[in-house]
Amino acid sequence: GYNRLPKTKNEDGLVSLFIKKPEAEVRANQQQIVDTLFVIFGSKPQLSVCVEGIKKLPDNLTEFVIYILERPASGPARRIPSNETTNFLNGQLIQLKSKLVVENIVPKMGFTEQALKEYLDTPQEGIHPFLWEQAKLDNPDPDSLVPVPMIGFKALHQRLKHQEQQTQAHQQRLDLIAEDLESLQQKQVNMLAKLEEYKRKHIQLSHRLLQVVVKQEISRKMGYSIQAEEEQLRVQLEKIQLELNHPTQFKGRLNELMSQIRMQNHLAGTRADFSYQMDPSLQQEIKHLLKQQQEGLKHLVNIIKEDAQDIQLMEQNLEASPFSQR
């Protein structure tokens, strides 16, 4: 198999403690573990035990990554190198096992160029030199990966557990990313809705502002004669109004649309599987034209009613006048 080369250096001071406890228990007792390590290091005030990370592993193991920060009386703070911390903790392994159930201690640091060369040039114990050379040739990424031997089914099963654990961690991370994406999409929908609302408010405010400007302009021009450009504008507006109210233009279009609707209804009655969908813009246009026609009819009805009332009033006055009696 192949393992990824660590990117950390000895100067980073990272050390992994493999604790035989579940991850949840380790996280819950993190401060207690730090306090115990601080006592093991001699309770020196210039030393601080810092936690770099906690990772769940198979077989009920948890990787607890730490580094020791030294703050001398003079000079800047520094991290104690990984090999020094590891050597000290290995000397306290019995105490670590009894107090923290530590199974193993490993420094998290990469190979030096010389150490990596020696590792690759020396076949591992129990591995034939030919197989070792073939493993180096088959390395998919020599800059990031190194070959490691797996002897026996136990080692293979252990590696399979680590891969399953890592796959599960990746899936959890993907689930979190999916939740973040869903939350961002919901926020986008809300922002678009607010944007539409703000656009509507902007149009309303623009109309109100235009009305205020018109009233202000009327007040400012009060008592002045109509200017030439204002007269031209009035003529243009009247022309546009006449075009909009032209009886043949919109009536012809409306009759054409009504004929199409009747034809579609006739076809729909003869064919059961026929379906017709009208374009939304066309529907709005038809509604607008019908509304204009309805308003025109209402206006005519009101005029007729007013004329009828006037005629009735005139008849009553004529009947009551002395000339009608003669």
Side-chain angles (χ1 to χ4, degrees), residues 1-23 25-27 29-127 144-151 154-155 158-159 161-162 165:
Y2 298 92
N3 284 357
R4 185 174 62 88
L5 283 170
K7 300 298 183 182
T8 54
K9 301 178 182 179
N10 186 33
E11 293 78 11
D12 296 330
L14 298 179
V15 177
S16 293
L17 305 179
F18 295 92
I19 302 175
K20 189 65 174 179
K21 290 182 180 180
E23 178 194 8
E25 183 178 350
V26 172
R27 289 187 181 276
N29 300 323
Q30 176 178 335
Q31 187 58 45
Q32 182 179 352
I33 296 173
V34 171
D35 294 339
T36 303
L37 290 173
F38 179 72
V39 174
I40 292 175
F41 277 100
S43 301
K44 298 179 181 179
Q46 68 272 20
L47 297 181
S48 298
V49 180
C50 304
V51 180
E52 180 69 16
I54 301 175
K55 182 180 179 181
K56 181 181 179 181
L57 296 176
D59 298 330
N60 206 27
L61 280 175
T62 301
E63 182 183 9
F64 194 77
V65 184
I66 64 168
Y67 65 90
I68 307 301
L69 188 65
E70 182 182 13
R71 296 183 177 88
S74 61
R78 74 178 186 95
R79 294 189 181 189
I80 296 179
S82 300
N83 54 1
E84 295 182 16
T85 304
T86 304
N87 293 335
F88 177 81
L89 291 176
N90 282 327
Q92 307 291 327
L93 187 57
I94 297 176
Q95 189 177 359
L96 289 171
K97 285 185 177 181
S98 62
K99 293 184 177 181
L100 300 178
V101 200
V102 174
E103 294 281 325
N104 194 12
I105 303 171
V106 177
K108 289 182 72 69
M109 61 180 184
F111 289 98
T112 62
E113 293 184 3
Q114 183 64 27
L116 181 60
K117 185 176 183 304
E118 292 178 0
Y119 175 81
L120 294 176
D121 292 342
T122 304
Q124 300 298 302
E125 184 179 357
I127 301 297
S144 302
L145 304 175
V146 291
V148 293
M150 290 182 292
I151 302 175
K154 184 177 181 181
Q158 188 67 20
R159 188 176 185 86
K161 286 184 178 180
H162 281 278
Q165 182 70 37

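Note: hydrogens, waters and symmetry copies are ignored here, and every other heavy atom, side chains too, is used. Quantities reported herein were computed from a predicted structural model and do not represent experimental measurements.
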Inset, instruction - Taking the side chain as every heavy atom from C-beta outward, state whether Val146 and Tyr119 have any pair of such atoms under 4.5 Å apart. - result: yes
Legend entry - Spatial distance of atom OH (Tyr67) from atom OG (Ser82) [nearest 0.5 Å]: 12.0 Å
Legend entry - Exceeds 12 heavy-atom contacts within 6.0 angstrom, atom NZ of Lys21: yes
Legend entry - Gap separating the CD atom of Gln165 from the CG atom of Leu61, nearest 0.5 angstrom: 10.5 Å
Inset, instruction - Indicate whether the side chain of Arg79 and that of Asn10 have a donor and an acceptor atom separated by less than 3.5 Å. - result: no
Inset, instruction - To the nearest 0.5 angstrom, please state how far the CG atom of Leu89 sits from the CG atom of Leu37. - result: 7.0 Å
Inset, instruction - Would you confirm whether Ser16, through its side chain, and Val65, through its main-chain N or O, come within 3.5 Å as a donor-acceptor pair? - result: no
Inset, instruction - Could you tell me whether the side chain of Ser144 reaches within less than 4.5 Å of the side chain of Leu5, counting heavy atoms only? - result: no
Inset, instruction - Please tell me if the side chains of Glu25 and Ile19 come closer than 4.5 Å, counting only heavy atoms from C-beta onward. - result: no
Inset, instruction - Report the distance from atom CG of Asn83 to atom CG of Asn90, rounding to the nearest 0.5 Å. - result: 11.5 Å
Inset, instruction - Sort out for me which residue in Leu17, Leu100, Val15 forms a side chain to side chain contact (heavy atoms under 4.5 Å, CB included) with Phe64. - result: Leu17
Legend entry - Other residues, nucleotides, ligands: >12 heavy atoms within 6.0 Å of Gln46 CD: yes
Inset, instruction - To the nearest 0.5 angstrom, please state how far the NE2 atom of His162 sits from the CG atom of Asn3. - result: 9.5 Å
Inset, instruction - Establish, yes or no, whether a centroid distance under 6.0 Å links the rings of Phe41 and Phe88. - result: yes
Legend entry - Leu69 vs Leu47 side-chain heavy atoms within contact, under 4.5 Å: no
Inset, instruction - Hey, could you give me the NZ/CD distance between Lys20 and Glu103, rounded to the nearest 0.5 Å? - result: 6.0 Å
Inset, instruction - Please confirm whether the backbone N or O of Thr8 pairs with a side-chain atom of Asp12, one donor and one acceptor, at under 3.5 Å? - result: no
Inset, instruction - Would you indicate whether the side-chain heavy atoms of Arg71 and Ser48 approach each other to under 4.5 Å? - result: yes
Legend entry - Pairs satisfying salt bridge (charged side-chain N to carboxylate O under 4.0 Å, His left out), at least one member in residues 30-59, at least two apart: Asp59-Lys161
Legend entry - Validation row: Val34, Val51 side chains within 4.5 angstrom (heavy atoms): yes
Legend entry - Residue pair Leu93 / Asn104, side-chain heavy-atom distance below 4.5 Å: no
Inset, instruction - Inspect the contact between Arg27 and Glu23 and indicate whether a charged nitrogen and a carboxylate oxygen are less than 4.0 angstrom apart. - result: yes
Legend entry - Side-chain touch Arg78/Glu70, heavy atoms, less than 4.5 angstrom: yes
